[in-house]
Amino acid sequence: MNIAEKVQEELKAEVKAAVLKAGLAQVEEIPAVVLETPKEKAHGDYSTNMAMQLARIAKKAPRAIAEEMIAHFDSSKASIDKIEIAGPGFINFYMNNAYLTDLIPVVLKEGEDYGNTNAGNNEKVQVEFVSANPTGDLHLGHARGAAVGDSLCNVLEKAGYDVTREYYINDAGNQIHNLALSVEARYFQALGQDKEMPEDGYQGQDIIGIGQKLADEFDRKFVDMSEKERYEAFREYGLKYEMAKLKKDLENFRVHFDVWYSETSLYTNGKIDEALAALRENGHIYEEDGAVWFRSTAFGDDKDRVLIKNDGTYTYLTPDLAYHKDKFERGHEKVINIWGADHHGYIPRMKAAVEALGYNPNNLEVEVIQLVHLYKNGEKMKMSKRTGKAVTMRELVEEVGLDAVRYFFAMRSGDTHMDFDLDLAVSESNENPVYYAQYAHARISSILRQGEEQGITINNEADLLLLEAEKEIELLKKVGDFPIVVAEAAEKRIPHRIANYTQELSAAFHSFYNAEKVLDASNQALSEARLSLIKAVQITLKNALKLIGVSAPEKM
RNA sequence: GUGCCUUUAGCUCAGUUGGAUAGAGCAACAGCCUCCUAAGCUGUAGGUCAGAGGUUCAAAUCCUCUAAGGCACGCCA
């Protein structure tokens with residue numbers, strides 16, 4: 001348990017003890033102790049609303065209850081300096097902040113592990129994200145999903161969950177069929193022959209590129225093949241090419257997957273049949289109009305869903321539910337899907353399927369990522385995937401820079417519609433929030449370098465109790481919050497909380513930097529203590545930025 | 001028409017167990033570099049938390065209704 005958490009736990013225990021000693025309520029009546037950090041510094045370091053919560057149980061006025069509680073407080077036990085009653089009945093605690101200096105050696109020692117907790121209890125969590133069809137370039141929406149998904153995975157890992165990152169490759173359905181036909185058309189076109197694109201073909205530049213590449217490399221080799229052979233060749237080549245590109249783009253986006261799960265494998269290894277058999281056995285399947293249906297309405301869906309079309313092929317849902325069955329069979333306790341907003345209507349049927357297959361639908365969590373609108377020169381940019389006009393993830397990164405893109409997406413909760421201001425993201429100025437945190441890191445690095453030049457370095461014997469200025473204490477508190485923030489972000493699946501935190505921590509540092517000088521040749525002891533402090537800040541900031549996939553530069 | 005998401009400062013957004021005077025960045029205004037990076041700091045101004053009811057000691061937060069914008073409602077994926 002980290003230090004800040006420990007202090008809070010002690011305090012909570014004392015609050016509870018005081019209620020009991022004052023005879024205000026029975027043990028089982030006491031609500032969970034809520035400690036919060038008041039927005040106003042004047043309201044102390046922590047406050048609790050216990051007195052107000054007890055008003056009904058103890059049948060007394062909140063302020064009177066607070067009085068009695070304070071009378072029974074053992075201040076020595078929980079590093080409390082002063083207690084006050086305020087407002088309608090808040091009890092404010094002013095802590096003895098000496099404990100905070102204990103934090104620094106811990107951070108320095110843990111280094112990149114600082115912030116790790118076992119809040120997740122090693123729970124096995126599988127996160128599926130991006131999972132874009134391998135039929136074209138990743139676009140803006142995928143970039144957001146990738147950024148949010150990756151950050152969430154990082155946060156979960158740091159908070160002690162056992163995370164598997166997974167990409168579901170839709171390599172079996174209609175879209176691959178269309179990909180093959182699109183490649184074929186582009187190939188013939190590259191050879192100067194007339195060939196129309198299929199109706200639902202992929203118009204993207206990259207497919208034109210494949211056609212050209214095949215023409216350059218193999219010339220007329222495919223023209224002479226049988227149609228079937230040619231189709232198979234293009235299908236395979238197109239898929240391989242697209243997947244390689246996808247993986248590379250994601251690597252360049254600092255996103256890594258543990259498992260690339262092939263939809264086709266569900267066909268070949270019998271998982272689809274197994275899933276269908278399981279549903280049939282449980283009586284959730286019926287036939288009508290020549291099709292096989294899943295009675296998903298029995299599990300809260302608004303209509304039943306076709307699993308096998310009357311032409312004998314599966315709908316998209318069928319392999320996907322087999323995939324989800326497999327996710328749980330592999331022992332994942334929680335399965336998290338990160339889906340684009342355009343798929344949100346799909347959630348009830350997948351939850352229904354999970355339940356029908358015998359699993360708890362609450363263990364399937366779907367995080368919906370809302371659309372991104374790109375703005376340039378104050379105008380909204382129009383885009384369409386069908387015509388291949390969408391801005392790709394690669395273009396976005398090239399234009400804006402990776403750190404800025406990751407940061408912009410990490411800043412915002414995934415479930416809000418987002419406006420992405422290209423001009424702001426591109427600007428290398430104080431208008432761009434990504435530099436705020438990076439600049440803090442670079443500044444610290446610079447001070448540490450200069451300290452070494454001046455012979456003032458971090459010293460394990462430094463007297464950290466010298467750190468008592470207001471800005472120092474605030475900065476230390478922020479550093480101490482980090483493990484709690486990570487755990488909260490993980491539990492609530494809100495990775496944007498981390499981006500938020502980097503701003504808070506940076507703000508505390510910049511403010512400290514302007515108020516106090518770190519390197520002071522005339523005060524070696526204080527300089528050493530402050531060096532330790534900023535080193536701890538640097539470590540924390542770097543760890544936080546790493547969680548959201550943003551680099552921590554030494555110089556800017 | 002039905003379901004889901006959104007609506008908070010001029011703009012982009014935090015506010016995720018209901019708490020005290022609703023916050024940050026940008027934009028605006030006024031200051032701060034003989035001093036560790038001014039991509040910074042300090043201060044000022046800026047709000048009917050879309051609207052109306054309700055729940056309670058207390059609501060931006062929970063419930064109901066209304067409005068506006070977005071997305072989805074396929075034997076497509």
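Heavy atoms only: backbone and side chains are in, while hydrogens, waters and symmetry mates are out. In the text below, chain A, chain B and the rest are named by the order of the sequence lines, each starting its count at 1. If you're wondering where the values come from, they're calculated on a predicted model, not measured in any experiment.
Closest to the side chain of H496(A), out of C76(B), U12(B), A14(B), is A14(B). Comparing A39(B), A14(B), A20(B) by their closest approach to the side chain of F90(A) singles out A20(B). Of the listed nucleotides (A77(B), C75(B), U17(B)), C75(B) has the atom at the smallest distance from the side chain of A291(A). Relative to the side chain of E428(A), the nucleotides A77(B), U12(B), A39(B) differ in distance, and A39(B) lies closest. Closest approach to the S413(A) side chain among A14(B), U17(B), G3(B) is made by A14(B) (side chain taken as heavy atoms from C-beta onward). Side chain of Y513(A), nearest nucleotide from C36(B), A77(B), U17(B): C36(B). Of the listed nucleotides (A14(B), A20(B), G40(B)), A20(B) has the atom at the smallest distance from the side chain of P38(A).
Along RNA chain B, the nucleotide nearest K517(A) and the nucleotide nearest R349(A) are compared for position; the residue whose nucleotide lies closer to the 5' end is K517(A). Residue order along RNA chain B, read from the 5' end via each residue's closest nucleotide, puts A442(A) first among A442(A) and Q175(A).
For Y436(A) and C41(B), the shortest distance from a side-chain N or O to OP1 or OP2 is below 4.0 Å. One finds a side-chain N or O of T416(A) lying less than 4.0 angstrom from the OP1 or OP2 phosphate oxygen of A14(B).
Side-chain to base pairing of N92(A) with A20(B): one donor and one acceptor N or O lie within less than 3.5 Å of each other. Taking only distance into account, the side chain of H417(A) meets the base of C5(B) through a donor-acceptor pair shorter than 3.5 Å. A donor and an acceptor atom never sit less than 3.5 Å apart when one is taken from the side chain of D302(A) and the other from the base of G3(B). Below the 3.5 angstrom threshold, one finds a donor paired with an acceptor across the side chain of S47(A) and the base of A20(B). Residue-to-nucleotide contacts include a donor-acceptor pair under 3.5 Å from the side chain of N310(A) to the base of C75(B).
If you take NZ of K303(A) and P of G74(B), they are 4 Å apart, rounded to a whole angstrom.
Of the nucleotides present, C71(B) is the one that pairs with G3(B) by Watson-Crick or G-U wobble criteria, both distances under 3.5 Å.
Taking atom C1' on both A77(B) and A72(B), the two are 14 Å apart, rounded to the nearest angstrom. Comparing the same atom, C1', in U55(B) and in C73(B) gives a spacing of 34 Å after rounding to whole Å. The separation of U8(B) from A59(B), taken at their C1' atoms, amounts to 14 Å, rounded to a whole angstrom.
At distances below 3.5 Å, at least one donor-acceptor pair connects side-chain atoms of E242(A) with backbone N or O atoms of G136(A). A donor-acceptor pair under 3.5 Å links the side-chain atoms of N432(A) to the main chain of S427(A), judged by distance alone. The closest donor-acceptor contact from the side chain of Q438(A) to the backbone of S551(A) lies under 3.5 Å. Between the H417(A) side chain and the H373(A) main chain, no donor and acceptor come within less than 3.5 Å of each other.
Contacts of Y346(A) with the nucleic acid, taken as non-hydrogen atoms under 4.0 Å apart, include base atoms.
Judged purely by distance below 3.5 Å, without hydrogens or angles, the side chains of H343(A) and N337(A) never pair a donor atom with an acceptor atom.
Stacking of H373(A) onto the six-membered ring of G70(B) is not present when judged by under 5.5 angstrom between centres and under 30° between planes.
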